[in-house]
Amino acid sequence: MAALQNSSLHAAATSSLNSSSSVVSKTSADRIPCKSMPFAASAFVSKNLALSSRSLKNFSACSVLQKPTVGISSEISGTAREPSKRGQDTKPTVLVAEKLSEAGLEVLRTLANVDCSYNLSPEELCAKISQCDAIIVRSGTKVTRQVFESSRGRLKVVGRAGVGIDNVDLHAATEHGCLVVNAPTANTVAAAEHGIALLSAMARNVSQASAAMKQGKWLRNKYVGVSLVGKTLAVMGFGKVGSEVARRAKGLGMHVVAHDPYAAADRAHAIGVDLVTFDEAISVADFISLHMPLTPTTNKVFNDESFGKMKKGVRIVNVARGGVIDEEALVRALDNGVVAQAALDVFTEEPPSKDNKLVQHEKVTVTPHLGANTVEAQEGVAIEIAEAVAGALKGELSATAVNAPMVPARVLSELSSYVLLAEKLGRLAVQLVAGVSGVKVVKLTYSSARAADDLDTRLLRAMITKGLIEPISDSFVNLVNADFVAKQRGLKITEEKVPSDGSPGQPLDSIQVQLAHVESKFASALSESGDIIVQGKVKNGIPYLTKVGAFSVDVSLEGSLILCRQVDQPGMIGKVGSILGSENVNVNFMSVGRTAPRRKAVMAIGVDDEPPKETLKRIGEIPAVEEFVFLKL
Ligand SMILES: NC(=O)c1ccc[n+]([C@@H]2O[C@H](COP(=O)([O-])OP(=O)(O)OC[C@H]3O[C@@H](n4cnc5c(N)ncnc54)[C@H](O)[C@@H]3O)[C@@H](O)[C@H]2O)c1
Ligand SMILES: O=C(O)[C@H](O)COP(=O)(O)O
């Protein structure tokens with residue numbers, strides 16, 4: 001469970017949310033006058049849209065879109081244009097720091113001066129960035145805090161021509177009021193095709209045989225391969241790339257299983273793939289192909305222990321992220337024969353050192369992060385990112401914005417304290433999921449004393465979606481892209497507003513998140529119909545959990561949470577409290593909800609810090625405790 005904890009990015013989001021109240025009260029009058037903006041930003045401002053959530057602190061629609069400082073450098077490439085005098089050129093400048101296909105450059109040149117400067121050193125990049133309104137990179141350029149600081153406020157958009165944004169310092173981007181957009185879909189097929197290429201090349205020793213032949217060796221007996229047909233492939237991570245790999249592997253006559261705790265089983269069934277547990281997937285597979293994102297949960301998830309559970313002679317392909325494999329453990333597994341071969345496109349450190357043991361290993365086929373490198377994918381990515389960057393510079397909403405939700409200031413102000421509740425309920429609900437049925441239908445119920453049409457739930461829905469998806473995916477969810485990301489993942493989110501007898505002065509009484517027909521690692525969170533249910537309220541500006549499954553609780557959603565089902569009897573609070581106290585874990589809240597006196601009860605315990613595993617084990621060993629779960633908020 002601890003592994004589901006927030007990424008550092010998320011910590012930034014939360015801290016921004018915490019600081020939201022000082023900003024949400026601002027009116028459009030507080031912001032930069034927008035009349036002078038050369039782009040379509042005025043449309044934003046007239047609608048009084050403010051950027052919220054993780055970007056609240058220094059971010060307003062105007063600040064993203066304000067008139068760029070004009071200082072066109074002599075290196076600007078692009079369509080022929082008259083040299084303009086400083087102060088007269090109202091076009092923004094876009095620095096393209098890594099090779100971008102011509103189709104993308106053409107889109108950019110319609111509105112911007114385009115400076116294609118590749119292979120800049122970090123110092124050169126910092127020197128140049130103060131003359132740029134936007135920068136476009138792939139995975140090879142690190143957009144660090146120093147880059148944002150060096151831009152002295154001029155840089156307004158970072159475009160990542162691809163999926164992973166691990167090379168962009170999102171905290172710094174947000175703090176500097178810089179929008180980050182990516183291109184998440186255009187290279188999916190290329191990555192899947194590269195996975196299949198590596199699978200086939202590895203099985204038939206293509207790269208080893210080719211290298212030997214170039215050295216004059218004709219080694220027909222040495223390079224005897226293995227067939228793919230009839231073999232079992234385990235696809236680990238059934239998202240965009242994983243599902244495309246699965247589809248192709250079926251076409252090669254392979255039996256395909258997949259592991260993805262968050263994927264919908266019927267999407268897998270539709271292409272003849274069974275979703276199974278992690279252990280089942282890795283133990284039945286002849287081939288394993290990795291397609292999960294690098295998150296705290298997946299970091300080095302392929303390690304000595306998991307290699308030990310695999311079939312002897314298994315073959316592994318990785319086109320996801322190097323960090324999901326413990327590379328030292330893989331070397332050991334290759335040396336002792338548990339893993340017969342590996343094919344790797346990605347590495348913990350890129351580029352890996354020359355003497356990297358995996359790169360040099362005879363049983364390993366390597367490529368230098370080529371998954372997205374096809375003409376077609378690069379053209380698609382270039383167009384996707386150029387349109388996103390151009391759109392952002394023109395003041396349009398971007399469906400692939402990574403760090404910039406937008407919402408009308410009035411709605412934001414009113415809902416600001418519910419935003420945190422919504423995200424936390426989403427995070428809690430997804431952490432309770434177990435098994436292989438996958439999350440498909442999410443029912444959101446808002447109870448309010450107001451008329452149904454007087455409650456704008458877009459922000460709440462987005463924040464719940466963010467809470468549900470971000471801990472388990474590479475996706476970054478905000479108001480702009482929440483529905484898009486949810487749809488892409490096959491999540492059906494329904495909303496219902498029910499009347500409450502609370503005060504119409506408050507926009508909401510409670511929010512309930514219900515994950516339909518799932519299994520849970522905490523059975524008490526399930527309703528009779530088999531849905532995970534969590535419900536919460538805001539009290540004095542603080543989010544509270546008020547219901548888990550059929551049990552009423554009352555615990556503030558701060559720090560972390562232990563949920564514990566027990567036989568209701570005197571002394572339980574004391575027992576649990578003293579175990580936590582003995583380990584110096586501060587309990588900030590405790591509440592017990594029960595079905596009837598001396599029957600079943602659920603105790604919710606808010607703790608400031610994550611208790612050591614041994615402490616949690618001791619709680620689990622209290623005889624009256626029937627089940628418990630630790631949840632990061
Ligand atoms: N080599 C390349 O050039 C290249 C190209 C494209 C994508 N990628 C990488 O491939 C990975 C997948 O990309 P995508 O576009 O399919 O992303 P995606 O978000 O569509 O899919 C990731 C899937 O992994 C699942 N997942 C999350 N945690 C998991 C866990 N613990 N166990 C199993 N599954 C888990 C998610 O539910 C999701 O369905 C990413 O890391 C991406 O950066 C690499
Ligand atoms: O995250 C991605 O999109 C892939 O890893 C590709 O990265 P690249 O753009 O550096 O090829």
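Keep in mind that this is a model prediction, so the values were computed, not measured. Order of listing sets the numbers, starting from 1, for every ligand and every atom in it.
- Leu233 places a side-chain heavy atom less than 4.5 Å from the side chain of Ser289.
- Under a 4.0 Å criterion applied to the non-hydrogen atoms of Ala372, ligand 2 contributes the atoms 6 (C), 11 (O).
- A side-chain hydrogen bond (donor to acceptor under 3.5 Å, both in side chains) with Asp286 is found for exactly one of Arg315, Lys311, His255, namely Lys311.
- Atom 7 (O) of ligand 2 has as its closest protein heavy atom Arg160 NH2, 3.0 Å.
- At the shortest separation from atom 11 (O) of ligand 2 among protein heavy atoms lies Arg138 NH2, 2.8 Å.
- Taking the charged nitrogens against the carboxylate oxygens, Glu244 and Lys240 have no contact shorter than 4.0 Å, which rules out a salt bridge.
- For ligand 2, the atoms closer than 4.0 angstrom to any heavy atom of Arg321 are 1 (O), 2 (C), 5 (O).
- Proximity to His369 (heavy-atom distance under 4.0 Å) selects the following atoms of ligand 2: 4 (C), 5 (O), 6 (C), 7 (O).
- Considering backbone and side-chain N/O atoms, Gln378 never comes within less than 3.5 Å of an N/O atom of ligand 2.
- In the vicinity of Gly162, heavy-atom distances shorter than 4.0 Å reach the ligand 2 atoms 3 (O).
- Residue Ser139 approaches ligand 2 through these ligand atoms, each under 4.0 Å from one of its heavy atoms: 7 (O), 8 (P), 10 (O).
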Step by step, work out the side-chain hydrogen bond (donor to acceptor under 3.5 Å, both in side chains) result for Ser139 and Asn167.
CA-CA 6 Å; Ser139 60; Asn167 53 322; 5.9 Å; no

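- Note on residues 187-204: no pairs pass salt bridge (Lys or Arg N to Asp or Glu O under 4.0 Å), not counting sequence neighbours.
- Residue contact annotation: Ala161 has a non-hydrogen atom under 4.0 Å from ligand 2.
- Close approach to Val163 involves these atoms of ligand 2, each under 4.0 Å from a residue heavy atom: 1 (O), 2 (C), 3 (O).
- Between His259 and Phe278, the ring planes are perpendicular. Angles over 60° get that label, and only those under 30° would be called parallel.
- For Asp115 and Ser117, the side-chain atoms include at least one donor-acceptor pair closer than 3.5 Å.
- Using a 4.5 Å cut-off on side-chain heavy atoms (C-beta onward), Asn373 and Gln378 make contact.
- For Glu98, the closest heavy-atom approach to ligand 2 does not fall below 4.0 Å.
- In summary, Glu106 and Arg109 do not engage in a salt bridge, as defined by a charged side-chain N under 4.0 Å from a carboxylate O.
- Any N or O atom pair closer than 3.5 Å counts here, and Gly164 shares at least one such pair with ligand 2.
- Under the 4.5 Å side-chain criterion, counting only non-hydrogen atoms from C-beta, Gln208 is in contact with Thr365.
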Pair Asn356, Ser353 - check side-chain hydrogen bond (donor to acceptor under 3.5 Å, both in side chains), show working.
CA-CA 5 Å; Asn356 180 295; Ser353 63; 4.9 Å; no

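- Closer than 4.0 angstrom to ligand 1 lie heavy atoms from Asn187, Ala191, Gly237, Phe238, Gly239, Lys240, Val241, His259, Asp260, Pro261, Tyr262, His291, Met292, Pro293, Thr298, Val319, Ala320, Arg321, Asp345, Val346, His369, Gly371, Ala372, Ile472, Ser473, Asp474, Arg489.
- Within the model, atoms CD1 of Ile464 and CD1 of Ile469 stand 12.0 Å from one another, a figure rounded to the nearest 0.5 Å.
- Contacts with ligand 2 closer than 4.0 Å are made by side-chain heavy atoms of Asn187 only, the backbone lying farther away.
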